[in-house]
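Bear in mind the structure is a predicted one, so any value in this text is a computation, not a measurement. Indexing begins at 1, ligand by ligand and atom by atom, following the structure's order.
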Amino acid sequence: MTSLGYINGRFVSLEELVLPIEERGHQFGDGVYEFFRVYEGNPFMLEEHLDRLYRSADLIRIDIAPDRDELRAIMDELISRSGLANGDIYLQVTRGMAPRNHAFPSVPSSLTMTIKPWRELAPAVREQGVQVLLHPDERWLNCHIKSLNLLPNLLAKQAAVEEGCFEAVLVRDGFVTEGSSSNAYLVKDGAIRTHPATNHILGGIARIAVRRIAEEQGIPFLEEAFGPEELLAADEAFLTSSGIELVPIAGVHGRGAIGSGRPGPVARAIHARYAELTRQR
Ligand SMILES: Cc1ncc(COP(=O)(O)O)c(C=O)c1O
């Protein structure tokens, strides 16, 4: 079992995965990416991730050279060569390698991937919930594209970490959009609320799973934005992403606890079902 990389047709060790200096992902962040979590050899919600990848690439006018079948086959080979049953796959597609110039070059796009063992959450994180920091959302207006450009997200996350928080919850025009690398939800009077899937958020794949589970369990799933005061007055709140699955929010830094300050029943029920789905074939 080993971490492994892939670059344009070659499987390579991570140490060997060196990019040419004129790779446009490196020079400009000119590309998109995906993150897949592999459970017992199978990427969870693979088709939904591939839909988002091809859509994101299309929106920035990058043509991904392998088609979906070829891409699935490359991913399968990466997983089997690594021998990792449970792994994290990052995949990047960039506009390729060409002498630096802002305008698009006429070169093929470039595809890289890595697989590594799961980055595990400490069990206490989900059992106790986390603190979040409210932070201005300083991103561009195309947050629905899973772009390689993550600078505002990194700055927000770092601010949160420096305050001892797990995540930065971003606020734009008085409304919570999402986390720096997660979607954000509150629970009030038995209903889940989250920002609508507009250009102001990344439509998370875990968010799709949460919506399906809520529908299955008869829990209203409202795509209505909420502000920080509503978050603070919520019964529960939580974050989701493919990497963390679901993590309850216990409190907001400097503002107080949410609900009981402990993970609530809705977050627990949704996560229990999410975990079950990751085990289903
Ligand atoms: C800004 C942002 N929002 C939401 C998410 C959650 O997306 P997903 O559930 O597809 O992992 C991520 C994940 O990286 C993210 O970076």
Show me the side-chain donor-acceptor pairs of residues 258-271 shorter than 3.5 Å, one per line, residues at least two apart or across chains.
unit_1	atom_1	unit_2	atom_2	d
S260	OG	R262	N	3.2
S260	OG	R262	O	3.4
H271	NE2	E245	OE1	2.7

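Those atoms of ligand 1 with a heavy atom of N183 less than 4.0 angstrom away are 4 (C), 6 (C). Contact atoms of ligand 1 toward S241: 6 (C), 9 (O), 11 (O) (distance under 4.0 Å to a heavy atom of the residue). Ligand 1 places these atoms under 4.0 Å from at least one heavy atom of G204: 7 (O), 8 (P), 9 (O), 10 (O).
Both tests pass for R95 against the ring of F104: distance under 6.0 Å to the centre and angle within 45° of the axis.
Shortest contact from atom 3 (N) of ligand 1 to any protein heavy atom: E178 OE1, 2.7 Å. Remark: minimum distance from atom 9 (O) of ligand 1 to any protein heavy atom is reached at A206 N, 2.9 Å. Nearest to atom 16 (O) of ligand 1 among the protein's heavy atoms is S181 CA, 3.4 Å. Regarding atom 14 (O) of ligand 1, its nearest protein heavy-atom neighbour is K146 NZ, 3.1 Å.
With a 4.0 Å cut-off on non-hydrogen atoms, N153 touches ligand 1 through its side chain and not its backbone. Here S180 has backbone heavy atoms under 4.0 Å from ligand 1, and that is the only part of it that gets that close.
For F44, the ring-ring contact (aromatic ring centres under 6.0 Å, His included) partners two or more places apart in sequence, or in a different chain, are Y39, Y274.
With a 6.0 Å radius and a threshold of 12 heavy atoms from other residues, nucleotides or ligands, D63 has its CG atom at or below the threshold.
Of the possible polar contacts, one joining the D88 side chain to the R119 backbone as a donor-acceptor pair under 3.5 Å is found.
Taking any N or O of I205, backbone or side chain, at least one lies under 3.5 Å from an N or O belonging to ligand 1.
The two residues A160 and A168 come nearest to each other via the heavy atoms CB-N, 3.7 Å.
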